[in-house]
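I have placed the structure first, in the form of structure tokens, so that the comments after it can refer back to it.
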Amino acid sequence: MPFPLVNSIASWFLKKRFHQIELFLKYPNEVQQELLSNLIDISKDTEVGKKYDFSSIKSYKTFAERVPISSYEDIQEDIERARKGEPNIFWPKPIKWFAKSSGTTNAKSKFIPVSMDSLEDCHYAASKDLLCMYLNNNEESQLFTGKSLRLGGSKELYKENGTAFGDLSAILIDNMPFWAEFSSTPSNKVSLLSEWETKMAAIVDETIEENVTSLAGVPSWMLVLLNDVLEKTGKNNIFDVWPNLEVYFHGGVSFNPYIEQYRAILPKKEFKYYEIYNASEGFFAIQDQNYSGDLLLMLDYGIFYEFIPMDTYGTKDEKVIPLSEVELNKNYAVIITTNAGLWRYKIGDTVRFVSISPYRIKVSGRTKHHINVFGEELIIENAEDALKKVCKRTQAEIKDYTAAPIFMEGKEKGAHEWLIEFKTPPKDINYFSELFDNALKSLNSDYEAKRYNNMTLNKPKINVARENLFYDWLKKNNKLGGQHKVPRLSNTRQYIDELLSLNS
């Protein structure tokens with residue numbers, strides 16, 4: 001299809017869609033309340049709907065009083081029944097797909113229901129919106145003159161009992177209209193290869209001769225792929241391979257630790273980075289402005305949002321609030337009710353609102369991935385902001401890291417132990433450690449209080465990881481691939497002890 005025609009179609013869709021976006025920007029809470037009412041009405045005759053008498057729920061207050069907050073473990077039995085083909089449990093329409101997800105490198109897998117409604121009205125709708133927002137902000141874009149290089153998960157789809165499960169990316173590719181493959185690379189066949197290292201080599205071979213205009217994938221794994229491309233082609237930077245490349249759509253993990261490495265191999269100031277916030281459970285937010293890390297919360301994808309302030313999370317004083325009650329710059333755990341039958345479900349992420357008109361967020365971490373053994377409440381956002389600051393000061397570059405507590409023993413105070421794999425190590429690791437400690441203090445008052453005069457915490461202990469330590473650990477645990485992430489912060493020493501044992 002010629003570019004002018006594609007561009008005209010995109011422009012038509014853009015104008016039509018922006019009218020709908022303006023509606024939830026202007027009336028966010030009304031849109032969310034109407035969405036909740038529709039989800040409740042549609043599901044009133046399901047097993048869950050009858051259990052909580054959805055037919056008599058007429059307000060958010062009643063919904064919140066009647067339907068409990070749930071974790072995966074709370075609904076696992078119902079999901080297993082649905083996976084075996086039992087219908088009408090938590091959603092009235094058949095659930096044919098389940099996204100296999102661990103979220104971390106835990107061995108235990110989750111199977112998140114994916115309905116046709118969530119595929120069409122959430123995941124695919126968000127992909128279109130992402131392009132719409134990008135094109136709206138970049139009218140001279142030549143995006144459709146080439147192909148998008150997508151880097152998804154590596155799992156095949158496994159079918160049983162009339163249902164299928166696999167990585168979300170595999171489900172999305174499997175259900176994509178046939179013409180969509182023409183605008184993407186690599187082919188579906190290569191995208192769905194299950195063996196990760198074989199797949200990466202095949203992607204390089206298949207894409208280096210293509211006219212790639214955009215990239216899409218998780219930053220850590222995309223960086224591996226781009227470096228493989230440079231090694232294979234012998235080029236100095238990625239623009240020598242794909243001169244028309246103009247944007248990278250990224251999500252899944254924080255971009256902060258990787259940004260300088262991307263700038264080194266993508267050395268054009270005008271090159272764009274667009275962040276997304278999606279998961280197996282749904283597509284939640286999209287960067288809607290050039291050169292901004294703030295994400296617009298999308299309110300009409302069939303997802304109703306609630307939030308738990310992290311200062312009460314997991315306590316007897318835990319409080320759940322709707323979107324209309326959130327405040328700026330507070331950390332919240334995210335609770336969702338969706339058009340795939342998840343009801344008041346804890347997804348395990350934390351966000352911080354940087355704007356409430358419109359509602360824009362930053363992803364600040366995971367409810368389980370922080371260190372709070374000594375009352376320091378250290379979250380991933382603190383860690384990555386501090387590392388970014390210190391790397392800039394010391395000209396260091398980081399590939400991967402993890403951290404865990406050193407527990408108090410007798411009179412010995414506690415501390416945090418860090419294991420960092422550098423691409424470019426600092427000249428003086430002790431100076432790096434001192435700067436890092438001070439940066440954490442400046443970003444987190446609880447950490448600063450616990451570090452005051454070494455009252456509770458001693459200074460952090462930093463170990464330098466050998467080359468490819470984290471990659472080898474993921475491979476050993478059969479966790480290579482776009483959906484798998486290194487756990488950054490932990491309240492236990494499980495991960496760091498395993499890694500330290502391999503660090504030789």
Side-chain angles (χ1 to χ4, degrees), residues 24 28-41 43-44 46 48-49 51-54 56-76 78-79 90-91 103 110 112-113 122 277 279-282 284-285 295 297-370 372 377 379 381:
F24 79 67
N29 300 307
E30 291 83 354
V31 166
Q32 278 279 281
Q33 291 301 322
E34 183 180 354
L35 190 153
L36 177 63
S37 295
N38 289 339
L39 291 174
I40 290 170
D41 184 59
S43 305
K44 62 181 183 290
T46 63
V48 169
K51 180 178 180 180
Y52 297 114
D53 192 14
F54 279 7
S56 69
I57 295 179
K58 306 300 179 188
S59 68
Y60 167 70
K61 185 173 182 290
T62 306
F63 173 73
E65 288 171 350
R66 196 175 291 176
V67 181
I69 299 293
S70 63
S71 63
Y72 185 80
E73 289 71 27
D74 297 324
I75 60 173
Q76 186 174 4
D78 287 342
I79 286 177
F90 39 75
W91 191 244
K110 298 177 183 177
I112 304 299
C122 183
Y277 173 29
S280 299
E281 294 88 351
F284 309 126
L295 306 179
L297 193 62
M298 305 303 288
L299 303 179
D300 63 351
Y301 286 170
I303 300 173
F304 178 76
Y305 293 97
E306 297 174 89
F307 303 90
I308 302 175
M310 283 304 290
D311 54 7
T312 68
Y313 184 85
T315 72
K316 60 181 177 59
D317 298 319
E318 182 173 283
K319 182 184 178 186
V320 185
I321 60 174
L323 181 64
S324 58
E325 295 180 22
V326 299
E327 299 174 27
L328 289 175
N329 298 315
K330 286 186 70 172
N331 265 328
Y332 294 99
V334 181
I335 309 297
I336 58 172
T337 292
T338 79
N339 52 4
L342 295 174
W343 296 95
R344 307 195 82 201
Y345 179 79
K346 293 190 285 190
I347 61 173
D349 289 342
T350 62
V351 300
R352 178 170 54 83
F353 283 85
V354 294
S355 167
I356 55 175
S357 183
Y359 287 105
R360 287 197 178 99
I361 62 171
K362 285 185 180 289
V363 181
S364 54
R366 300 275 297 169
T367 54
K368 291 182 179 177
H369 290 183
H370 60 283
N372 190 31
E377 282 290 355
I379 62 173
E381 189 179 36

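Sequence positions, counted from 1, serve as the residue numbers for this chain. These numbers were taken from a predicted model, which means no experiment stands behind them.
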(request) Could you give me the CA-CA distance, side-chain angles and deciding distance for Phe353 and Phe307, then say whether ring-ring contact (aromatic ring centres under 6.0 Å, His included) is met? (result) CA-CA 11 Å; Phe353 283 85; Phe307 303 90; 5.3 Å; yes
(message) If I take atom CG from residue Leu35 and atom CD1 from residue Ile40, how far apart are they, to the nearest 0.5 angstrom?
(response) 10.0 Å
(request) To the nearest 0.5 angstrom, please state how far the CD1 atom of Ile57 sits from the NZ atom of Lys44. (result) 12.0 Å
(message) Within the 3.5 Å criterion, strictly below it, is a donor on Ser59 or Thr62 matched to an acceptor on the partner's side chain?
(response) yes
(message) Please tell me whether Tyr60 and Gln32 have a donor and an acceptor in their side chains that are separated by less than 3.5 angstrom.
(response) no
[Y] and [X], any side-chain heavy atoms less than 4.5 Å apart:
X	Y	answer
Tyr305	Ile336	yes
Val67	Val48	no
Leu297	Leu323	yes
Lys346	Ile69	yes
Val351	Phe284	no
Asp74	Tyr345	no

Of the non-hydrogen atoms in [X] and [Y], which two are nearest, and what is the gap between them?
X	Y	value
Ile361	Ala285	CD1-CB, 4.0 Å
Arg66	Ser56	NH1-OG, 2.7 Å
Leu299	Pro28	CD1-CB, 3.5 Å

(message) As a quick check of understanding, evaluate salt bridge (charged side-chain N to carboxylate O under 4.0 Å, His left out) for Lys362 and Glu381, giving each step before the final call.
(response) CA-CA 9 Å; Lys362 285 185 180 289; Glu381 189 179 36; over 6 Å; no
(request) Fit a plane to each ring of Trp343 and Trp91, take the angle between them on a 0 to 90° scale, and name the class: parallel (under 30°), tilted (30 to 60°) or perpendicular (over 60°). (result) tilted
